[in-house]
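Have a look at the structure below, then the notes.
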Amino acid sequence: MSFVSLGLIDPLVRTLDALGYVTPTPVQAQAIPAVLAKRDVMAAAQTGTGKTAGFALPLLQRLTMEGPQVASNAVRVLVLVPTRELAEQVHESFKTYGAGLPLRTFVAYGGVSINPQMMKLRKGLDVLVATPGRLLDLYRQNAVKFDQLQTLVLDEADRMLDLGFSRELDAVFAALPPKRQTLLFSATFSDEIRAMAGKLLVDPLSIEVSPRNSTVQRIRQWVVTVDKKRKPELFLHLLNKKRWSQVLVFVKTRKGVDLLVDTLAANGVAADAIHGDKPQPARLRALERFKAGQCKILVATDVAARGLDIDDLPLVVNFDLPIVAEDYIHRTGRTGRAGNAGEAVSLVCADEVDLLAAIELLTRQTLPRSEEPGFVPEHRVPLTDTAGQVIKKPKKPKKPKAVGEVSNVDVRFLKVR
Ligand code: AMP
């Protein structure tokens with residue numbers, strides 16, 4: 001199958017050629033014709049499946065074919081995303097795929113001044129990529145109008161709900177024209193997402209490109225058990241021993257991210273950090289440096305790293321296991337992309353056994369464990385079973401009491417005198 005056979009026009013096909021995209025990914029093969037035909041789409045697709053091109057290419061094509069006709073402050077395609085990083089990234093994709101097309105695109109998110117964004121919106125836009133909160137601010141200040149809106153894209157809808165954007169989303173939906181195309185992309189489909197889809201989508205094409213709640217099979221996943229306090233030391237040890245070349249490291253909290261970066265620095269290892277406390281320019285700079293290979297270790301929290309598009313990432317390290325098991329899938333999805341092999345290593349301490357069990361239940365696998373010589377934990381991590389249960393060590397049977405003292409005694413415990 002080729003991009004031409006999906007109905008894409010020449011300029012887009014030439015751009016894809018130049019990018020080295022030869023074959024459409026499964027989500028693209030299904031989404032592109034449907035979006036071109038103005039159908040609603042509901043897609044279970046995570047980052048790494050090529051979903052962004054799956055909606056960006058056909059939307060760019062339709063906007064181009066319809067010609068420039070956007071009024072002041074109007075927006076023709078609105079893409080809502082959960083984080084600033086994803087907003088930048090999706091916008092970058094629109095710019096890349098739409099290179100040479102006569103279209104105006106822009107990205108707007110919070111944490112930066114709103115005035116330049118209002119100025120940019122004045123002439124109207126063909127595509128606006130935005131986070132829900134900032135979009136509402138712009139709307140309430142009359143900087144954006146939706147009368148010309150044709151298509152709403154919800155990218156990583158599950159994450160938007162996880163981050164508490166539900167009320168903002170409802171306010172945005174209420175402001176949009178009811179007659180429009182809606183495309184909903186989500187890595188997971190909770191009841192809440194299904195309810196949202198039921199409310200927003202009309203006769204949608206359902207696309208499911210990888211089995212629900214599964215990690216990519218190509219990825220070699222393993223666990224190293226270790227005592228909590230020795231995790232930084234173990235990380236440094238594995239980094240040297242295994243000669244890791246480029247690592248994305250996930251840490252549970254912002255404080256934990258900074259602590260690890262400082263510990264690494266104290267040991268002569270340079271690492272960059274991204275988390276919500278960092279100013280936006282610093283986060284983007286860190287990401288660019290990591291992508292360009294200028295810094296080989298990037299330490300991140302889940303929220304900051306969600307949706308990061310980093311090609312050919314060989315390794316993800318879970319320094320801490322995520323609190324929400326589904327984040328394990330998102331984290332692991334950073335590696336093993338576009339047919340490459342990947343590896344995901346989790347450093348797990350005894351406190352985290354319940355989190356490990358939840359991940360194993362969700363991904364329907366028992367992660368292989370190993371112990372690193374010199375780092376064998378004093379606090380053993382209890383075993384887990386395939387049903388996601390922690391196997392507690394069986395209690396030793398109590399010493400049988402003397403015959404005369406007992407009532408209701410299991411006879412198996414009685415010594416025969
Ligand atoms: P996404 O799932 O949209 O984040 O895309 C994941 C990565 O796959 C991005 O780096 C894209 O540039 C790349 N990609 C998307 N579609 C294709 C394709 N058809 N062939 C090769 N690479 C692709």
Side-chain angles (χ1 to χ4, degrees), residues 47 52 55-56 73-95 104-146 149 151-176 184-187 192-193 196 253-255 257-258 272-288 298 300-309 324 327 330:
T47 307
T52 318
F55 61 80
N73 297 99
V75 168
R76 293 208 277 168
V77 167
L78 172 64
V79 185
L80 286 177
V81 296
T83 62
R84 308 162 186 193
E85 282 77 11
L86 188 61
E88 284 285 357
Q89 196 180 296
V90 168
H91 183 232
E92 213 39 57
S93 297
F94 269 99
K95 284 202 305 195
R104 286 167 53 77
T105 66
F106 186 59
V107 59
Y109 43 75
V112 294
S113 168
I114 198 167
N115 289 338
Q117 297 177 352
M118 294 173 77
M119 302 273 283
K120 190 77 190 181
L121 275 156
R122 261 190 211 154
K123 281 194 197 154
L125 291 170
D126 296 298
V127 179
L128 174 63
V129 182
T131 50
R134 178 51 58 99
L135 180 79
L136 263 189
D137 288 346
L138 289 164
Y139 176 69
R140 287 177 178 148
Q141 299 195 38
N142 291 322
V144 60
K145 292 188 197 141
F146 296 125
L149 189 106
T151 305
L152 166 69
V153 182
L154 297 165
D155 194 11
E156 303 205 352
D158 50 350
R159 198 56 172 183
M160 286 198 269
L161 294 185
D162 287 350
L163 292 176
F165 283 132
S166 171
R167 278 172 56 185
E168 280 92 343
L169 286 175
D170 282 341
V172 174
F173 301 153
L176 301 180
L184 186 151
F185 291 79
S186 193
E192 214 181 345
I193 292 283
M196 188 163 105
T253 61
R254 297 167 184 194
K255 216 170 126 194
V257 168
D258 287 338
D272 268 335
I274 52 167
H275 58 58
D277 281 349
K278 295 250 167 200
Q280 180 64 2
R283 290 155 80 176
L284 289 176
R285 232 178 7 251
L287 183 56
E288 285 313 314
L298 184 63
T301 55
D302 287 295
V303 169
R306 181 69 197 261
L308 288 191
D309 176 20
V324 179
D327 280 338
H330 299 311

Item checked: Minimum side-chain heavy-atom gap Val129-Thr105 below 4.5 Å -> no

Check: Between Arg104 and Gly124, which heavy-atom pair has the shortest distance, and what is it?
Finding: NE-O, 2.7 Å

Item checked: Ser186 versus Ile193, closest heavy-atom pair with distance -> OG-CD1, 4.0 Å

Check: Within a strict 4.5 Å, meaning less than it, do heavy atoms of the Arg76 and Thr151 side chains meet?
Finding: no

Note to self: Side chains of Leu78 and Val172, heavy atoms from C-beta outward: is any pair under 4.5 Å?
What the structure shows: yes

Next item on the list: Could you tell me whether a side-chain N or O of Asn73 sits under 3.5 Å from a main-chain N or O of Ala143, the two making a donor and an acceptor?
Entry: yes

Check: Does Tyr139 reach the side chain of Val75, with side-chain heavy atoms less than 4.5 Å apart?
Finding: no

Note to self: Would you compute the distance between atom NZ of Lys95 and atom CZ of Phe106 and round it to the nearest 0.5 angstrom?
What the structure shows: 10.0 Å

Next item on the list: For Phe94 and Asp126, run side-chain contact (heavy atoms from CB on, under 4.5 Å): C-alpha distance rounded to whole Å, both residues' side-chain angles, the deciding distance at 0.1 Å, then the answer.
Entry: CA-CA 11 Å; Phe94 269 99; Asp126 296 298; over 6 Å; no

Item checked: Pair Glu288 + Arg285, salt bridge at N-O below 4.0 Å -> no

Notebook entry, point to check: More than 12 non-hydrogen atoms from neighbouring residues, nucleotides or ligands closer than 6.0 Å to OH on Tyr109, yes or no?
Noted result: yes

Notebook entry, point to check: Hey, mind stepping through Met196 and Leu154 against side-chain contact (heavy atoms from CB on, under 4.5 Å) and telling me if it holds?
Noted result: CA-CA 11 Å; Met196 188 163 105; Leu154 297 165; 3.8 Å; yes

Note to self: Which heavy atom of Met160 sits nearest to which heavy atom of Pro132, and what is that distance?
What the structure shows: SD-CG, 3.8 Å

Check: So how far is it from Gln141 CD to Gln117 CD, rounded to the nearest 0.5 Å?
Finding: 10.5 Å

Note to self: What's the separation between atom CG in Leu121 and atom CG in Asn142, rounded to the nearest 0.5 Å?
What the structure shows: 11.5 Å

Check: Between Val127 and Val79, which heavy-atom pair has the shortest distance, and what is it?
Finding: CG1-CG2, 4.4 Å

Checklist line | Shortest non-hydrogen contact from Ala171 toward Arg140 | finding: CB-NH2, 4.1 Å

Note to self: In the structure I gave you, are the side-chain heavy atoms of Glu156 and Val81 within less than 4.5 Å of one another anywhere?
What the structure shows: no

Checklist line | Between CG on residue Leu152 and CG on residue Leu80, distance to nearest 0.5 Å | finding: 5.5 Å

Check: Does any non-hydrogen side-chain atom of Asp327 lie less than 4.5 Å from one of Arg159?
Finding: yes

Check: Taking all non-hydrogen atoms of both residues, which atom of Val257 and which atom of Ala300 are closest, and how far apart?
Finding: CG2-C, 4.0 Å

Next item on the list: Supply the atom-to-atom distance Phe185 CZ to Asp158 CG, rounded to the nearest 0.5 angstrom.
Entry: 12.5 Å

Item checked: Full working for side-chain contact (heavy atoms from CB on, under 4.5 Å) between Thr131 and Glu168 -> CA-CA 10 Å; Thr131 50; Glu168 280 92 343; over 6 Å; no

Notebook entry, point to check: If you measure from CG on Leu128 to CZ on Arg134, what distance do you get to the nearest 0.5 Å?
Noted result: 11.5 Å

Item checked: Close side-chain approach of Arg84 to Leu284, heavy-atom, < 4.5 Å -> no

